[in-house]
Enquirer: 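Could you have a look at this structure, given as structure tokens, before my questions?
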Amino acid sequence: MRLSTSARRGVGALLTLSLAGAGGCGGPADEAETVTPTTVRVLVRDINIRAEGVDCAGTGPYLYFHHRAAFRLLDPAGVALVTGTLPAGTAVAAFAEDLAVERVPTYCEFAVPVRVPQRAGYRLEVAGRPPLDLTPDSSEGPALVAVVPA
């Protein structure tokens with residue numbers, strides 16, 4: 001079946017309007033929000049005696065900081081931006097001084113790479129506990145940092 005010239009024009013006009021309508025519905029609210037890669041770093045000051053660099057978890061009152069503990073990265077309004085589980089922590093020396101021994105007082109550091117939208121602030125909730133305020137820090141690359149206890 002062949003369409004007349006006026007029918008083809010009508011179909012073409014309808015197609016153009018439908019495509020324009022589909023393309024014109026979007027706007028800034030429909031566009032994906034820009035996210036930035038950063039690392040959430042939590043230093044658990046449990047002062048345990050360990051070899052530097054070994055896997056660790058929080059001890060004493062910080063047992064909830066461990067490999068596979070659920071976390072939520074929140075914006076100031078409490079909206080979850082990222083959810084996941086913590087990796088194993090890494091023992092870092094509590095003192096800069098070389099104590100000349102294999103095992104030293106350490107803190108357990110958890111580092112989680114994330115991608116986050118820009119917000120005025122961020123908080124980290126671990127294992128359903130009250131959220132910790134995170135502070136931006138660029139000393140070792142882009143990071144959001146918390147120290148427990150604060």
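A quick note: this is a predicted structure, and the numbers were derived from the prediction, not measured.
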Enquirer: If every non-hydrogen atom of P76 is compared with every non-hydrogen atom of G121, which pair is closest and at what distance?
Expert: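 Looking at all heavy atoms of both residues, the closest pair is CD-O, 3.1 Å.
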Enquirer: Please name the pair of heavy atoms, one in R50 and one in A57, separated by the smallest distance, quoted to 0.1 Å.
Expert: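 For R50 and A57, the tightest heavy-atom pair comes out as NH2-O, 3.0 Å.
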Enquirer: How long is the span from the CD1 atom in I47 to the SG atom in C108, to the nearest 0.5 Å?
Expert: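 Rounded to the nearest 0.5 Å, the CD1-SG separation comes to 13.0 Å.
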Enquirer: Can you tell me how far the CG atom of L144 sits from the OG1 atom of T39, to the nearest 0.5 Å?
Expert: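 The OG1 atom of T39 is 8.5 Å from CG of L144, to the nearest 0.5 Å.
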Enquirer: Indicate the atoms forming the closest heavy-atom contact of G58 with F110, along with that distance.
Expert: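 It is N-CZ, 4.3 Å.
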Enquirer: Determine whether V148 and R45 satisfy the following criterion, side-chain contact (heavy atoms from CB on, under 4.5 Å), listing intermediate values before the conclusion.
Expert: CA-CA 6 Å; V148 178; R45 297 190 301 184; over 6 Å; no
Enquirer: Donor-acceptor pairs under 3.5 Å, side chain of residues 91-99 to any protein atom, not counting sequence neighbours: which ones?
Expert:
from	atom 1	to	atom 2	distance (Å)
D98	OD1	A100	N	2.9

Enquirer: Hey, could you give me each pair passing salt bridge (Lys or Arg N to Asp or Glu O under 4.0 Å) that has a residue in residues 65-93? Not counting sequence neighbours.
Expert: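 Qualifying pairs, neighbours excluded: R72-E125, D75-R119.
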Enquirer: Only pairs at least two apart or in different chains count here, so list each salt bridge (Lys or Arg N to Asp or Glu O under 4.0 Å) that has a residue in residues 104-115.
Expert: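 Only R41-E109 qualify under salt bridge (Lys or Arg N to Asp or Glu O under 4.0 Å).
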Enquirer: Mind running side-chain contact (heavy atoms from CB on, under 4.5 Å) on V147 and V42 for me, showing each step along the way?
Expert: CA-CA 6 Å; V147 177; V42 180; over 6 Å; no
Enquirer: Going through the distances and angles, do T135 and D133 end up as a side-chain contact (heavy atoms from CB on, under 4.5 Å)?
Expert: CA-CA 7 Å; T135 303; D133 290 327; 5.8 Å; no
Enquirer: Got L124 and L134 here, is their nearest side-chain heavy-atom distance under 4.5 Å?
Expert: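 The answer is yes; the side chains approach within 4.5 Å.
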Enquirer: Count I, L, V, M, F, W, Y as connected when their side-chain heavy atoms are under 4.5 Å apart, and connections chain through other members. Are V82 and L74 then in the same cluster?
Expert: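 No; L74 is not reachable from V82 via cluster members.
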Enquirer: Decide whether V104 and V44 are clustered together by the hydrophobic rule: side chain heavy atoms of Ile, Leu, Val, Met, Phe, Trp, Tyr closer than 4.5 Å, transitively.
Expert: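 Different hydrophobic clusters.
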Enquirer: When rounded to the nearest 0.5 angstrom, what distance separates CD1 in I49 from CD in E102?
Expert: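 These two atoms lie 12.5 Å from each other.
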Enquirer: Can you give me the closest heavy-atom contact between G60 and L63, atom names plus distance?
Expert: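 Scanning both residues completely, I find the closest heavy atoms to be O-CG, 3.2 Å.
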Enquirer: Verify, without hydrogens or angle tests, whether T106 (side chain) and N48 (backbone) share a donor-acceptor contact under 3.5 angstrom.
Expert: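 It does hold such a pair.
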Enquirer: Cluster question for you: counting only ILVMFWY and a side-chain heavy-atom cut-off of under 4.5 Å, with indirect links fine, are V145 and V126 together?
Expert: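 No, no single cluster joins them.
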Enquirer: Please check if the side chain of T38 supplies one atom and the backbone of P142 the other of a donor-acceptor pair under 3.5 Å.
Expert: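 It does hold such a pair.
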Enquirer: Between Y107 and L43, what is the shortest heavy-atom contact and its length?
Expert: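 Residues Y107 and L43, closest heavy atoms: CB-CD1, 3.5 Å.
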Enquirer: Hydrogens and angles aside, do D46 and T59 bring a side-chain donor and acceptor to less than 3.5 Å of each other?
Expert: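 Note: D46 and T59 side chains meet the donor-acceptor criterion.
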